[in-house]
Amino acid sequence: MFDPVSTYRLQFHSGFNFSDFERVIPYLQQLGMKTVYASPIFKAIPGSTHGYDVLNPLEINPEIGTIDQLRSLQEQLQKLGIQWLQDIVPNHMAYHTENNWLADVFEKGQRSQYARFFDIDWSDLLYKGRLMAPFLGETLDDAIRNGHLKIISVFDKLALDCNGSVYPLKPLSYCTFSEDIETPETLQALFDEINIVENSEDIIVYGTKWNDWLKRFSALQQDEGVKQWILHRVNQINNDQVLLEQIVNEQHYRLCFWQETDKMINYRRFFTVNALISLNIQDESVFQEHHQLVKSLLEQGNIQGIRVDHIDGLYNPGEYLRRLRILAGSDAYI
């Protein structure tokens, strides 16, 4: 088994990326370092200075570099006898609208294939099965009244803009969007199909049908008349506080004042950091999905060891380590 002798901590971010690291390799060799200990290198929120706010554990952070650069670095380090110990973050991910797994939960709620990935109390009666999104700087009523929440059309989808953070609308909200107003015939025919999508029992089938529906919705917007009608309708809703509030309140998430979490919360977070949502890494399928890139890096020899961030936060640390040892193999240092 690889056993690190002397380690040098690397803190990767946009200001110190793989190219910057490559330039200091000769210095580390002169110091006699045998192992580099790297902060998380997975895709994190834009501008992250530490990498523990992971958006996607299956992708190298583009602000740091690429998988090809990592492989090239490994070739250089191996020639010098320097190993790589990689920090991983199994306890939590960034609670952020660019977290695609979480965005799918925003859109589909408990019918998202990723709903089980996050430690959410869906049975909570106060929030009626809606995930708290405690990122408003004021109450929801004040946010609507002050114009800090609005419907937008982005990438040909309808969404809620919350001071620049974009939350997708649930499928049935597209029906609310077209209520009590004359709708172009082609659009109305498409809106009428939403109930067919909603009747899909299997979550994979449901997700596939909804994605197909969105592609057709996007295609219809190639018609300038349809596109202008949607923009006109968006403007109408944003000027109708009652209808806007209705749409906001029917989502699978509940936008609220961040201070509400002082008294109530329905998802597990990292300590008291609202912007870090905890994972159900104790679920075997979640474990396997989350560690795909780590497993690949180990098997290809791009990393030789793992440092587990905040194992104390896991539901069952012992079981996690047993699974990690099987995944990593007997030679990897943990």
Side-chain angles (χ1 to χ4, degrees), residues 14 40 42-59 61-63 89 92-120 122 127 129-140 143-144 146-174 177 207 210-211 214 217-218 234 237-238 244-245 247-261 265-270 273-279 289-290:
S14 61
F42 314 102
K43 186 176 181 181
I45 65 170
S48 175
T49 57
H50 50 80
Y52 292 93
D53 43 7
V54 177
L55 288 176
N56 187 349
L58 310 182
E59 182 182 342
N61 190 344
E63 294 187 0
V89 193
H92 55 265
M93 292 179 72
Y95 194 137
H96 194 277
T97 53
E98 291 185 34
N99 180 335
N100 290 334
W101 292 354
L102 197 55
D104 198 73
V105 178
F106 294 151
E107 189 171 60
K108 304 182 182 76
Q110 296 180 64
R111 300 180 73 184
S112 166
Q113 62 179 309
Y114 299 107
R116 73 182 190 281
F117 279 46
F118 301 99
D119 198 348
I120 301 167
W122 292 105
Y127 298 110
R130 292 188 294 157
L131 170 62
M132 286 182 72
F135 301 107
L136 296 180
E138 57 202 329
T139 66
L140 179 59
I144 293 174
N146 296 330
H148 296 156
L149 278 177
K150 59 184 179 180
I151 303 291
I152 61 171
S153 177
V154 58
F155 302 121
D156 293 335
K157 294 173 62 173
L158 297 178
L160 270 173
D161 185 314
C162 174
N163 290 324
S165 294
V166 178
Y167 294 81
L169 294 189
K170 65 188 291 188
L172 284 175
S173 289
Y174 285 71
F177 179 81
W210 177 239
N211 289 333
L214 286 172
F217 183 63
S218 175
V234 164
I237 294 173
N238 289 332
L244 178 58
E245 184 176 3
I247 291 176
V248 169
N249 284 327
E250 68 188 21
Q251 301 312 308
H252 293 300
Y253 48 89
R254 180 182 179 277
L255 289 164
C256 57
F257 189 26
W258 65 268
Q259 288 186 349
E260 285 191 28
T261 58
I265 192 167
N266 65 359
Y267 67 92
R268 183 166 59 89
R269 58 189 171 174
F270 178 70
V273 183
N274 289 344
L276 293 175
I277 184 169
S278 296
L279 290 158
E289 178 79 13
H290 187 275

Worksheet item: Would you say Gln110's side chain and Ala115's backbone share a donor-acceptor pair under 3.5 angstrom?
Response: no
Practice prompt. Return the set of residues passing ring-ring contact (aromatic ring centres under 6.0 Å, His included) with Tyr174 (not counting sequence neighbours), or none when no residue passes.
Written response: Trp210, Trp213, Phe217
Worksheet item: Are side-chain heavy atoms of Asn274 and Tyr95 found at a separation under 4.5 Å?
Response: no
Worksheet item: Can you name the residues that form a salt bridge (Lys or Arg N to Asp or Glu O under 4.0 Å) with Asp53, not counting sequence neighbours?
Response: none
Practice prompt. Working to the nearest 0.5 Å, report the span between CD1 of Ile277 and CE of Met132.
Written response: 11.0 Å
Result block: side-chain N/O donor-acceptor pairs under 3.5 angstrom for residues 160-170, not counting sequence neighbours:
{"from": "Asp161", "atom 1": "OD1", "to": "Asn163", "atom 2": "N", "distance (Å)": "3.3"}
{"from": "Asp161", "atom 1": "OD1", "to": "Gly164", "atom 2": "N", "distance (Å)": "2.8"}
{"from": "Lys170", "atom 1": "NZ", "to": "Glu250", "atom 2": "O", "distance (Å)": "3.0"}

Discussion item. List the residues meeting salt bridge (Lys or Arg N to Asp or Glu O under 4.0 Å) with Glu260, not counting sequence neighbours, and say none if there are none.
Written reply: Arg254
Worksheet item: So how far is it from Phe106 CZ to Ser112 OG, rounded to the nearest 0.5 Å?
Response: 10.5 Å
Item to complete: Indicate yes or no: at least one non-hydrogen side-chain atom of Val89 is less than 4.5 angstrom from one of Phe42.
Response: no
Worksheet entry | For Asn56 against Leu58, the heavy-atom pair lying closest together | OD1-N, 2.8 Å
Item to complete: Working to the nearest 0.5 Å, report the span between CD1 of Ile247 and CG of Leu158.
Response: 8.5 Å
Worksheet entry | With Lys108 via salt bridge (Lys or Arg N to Asp or Glu O under 4.0 Å) - residues at least two apart | Asp104
Worksheet item: For the residue pair Val54 and Gly51, what are the closest heavy atoms and their distance?
Response: CG2-O, 3.4 Å
Fill in: Shortest non-hydrogen contact between Gln251 and Ser173, atoms and distance
NE2-OG, 2.7 Å
Item to complete: For residues Glu63 and Gly47, report the shortest heavy-atom separation together with the two atoms involved.
Response: OE2-N, 3.0 Å
Discussion item. So, taking the atom named NZ in Lys150 and the one named CG in Leu244, what distance separates them when rounded to the nearest 0.5 Å?
Written reply: 11.5 Å
Item to complete: Flag the pair Leu279 / Phe118 as yes when at least one side-chain heavy-atom distance between them is below 4.5 Å, and no otherwise.
Response: yes
Item to complete: Tell me, please, which residues at least two apart from Thr139 pass side-chain hydrogen bond (donor to acceptor under 3.5 Å, both in side chains).
Response: Asp142
Worksheet item: To the nearest 0.5 Å, what is the distance between CD (Glu245) and CG (Leu149)?
Response: 10.5 Å
Response to the item:
For Ser48 and Ala44, the nearest pair of non-hydrogen atoms, with its separation, is CB-CB, 3.9 Å
Worksheet item: How long is the span from the CZ atom in Arg130 to the CG atom in Asn249, to the nearest 0.5 Å?
Response: 5.5 Å
Discussion item. Suppose we screen for salt bridge (Lys or Arg N to Asp or Glu O under 4.0 Å). Which residues come up paired with Arg268, at least two apart in sequence or across chains?
Written reply: Asp119
Item to complete: Considering non-hydrogen atoms only, spot the tightest contact between Ala103 and Thr97 and give its length.
Response: CB-O, 4.0 Å
Worksheet item: Do Lys157 and Glu107 sit within salt-bridge range, that is, some charged N less than 4.0 Å from a carboxylate O?
Response: yes
Worksheet entry | Partners passing ring-ring contact (aromatic ring centres under 6.0 Å, His included) against Tyr114 (at least two apart in sequence or in another chain) | Trp101, Phe117
Worksheet, complete the sentence: The side-chain hydrogen bond (donor to acceptor under 3.5 Å, both in side chains) partners of Tyr267 (sequence neighbours excluded) come to none
Worksheet item: Is there side-chain contact between Leu55 and Ile45, with heavy atoms separated by less than 4.5 Å?
Response: yes
Worksheet item: Got a sec, which residues hit side-chain hydrogen bond (donor to acceptor under 3.5 Å, both in side chains) with Asn211, two or more places apart in sequence or on another chain?
Response: none
Response to the item:
Glu138 meets the side-chain hydrogen bond (donor to acceptor under 3.5 Å, both in side chains) criterion, sequence neighbours left out, with Asn146, His148
Response to the item:
Sorted by chain and residue number, the ring-ring contact (aromatic ring centres under 6.0 Å, His included) partners of His92 (sequence neighbours excluded) come out as Phe270
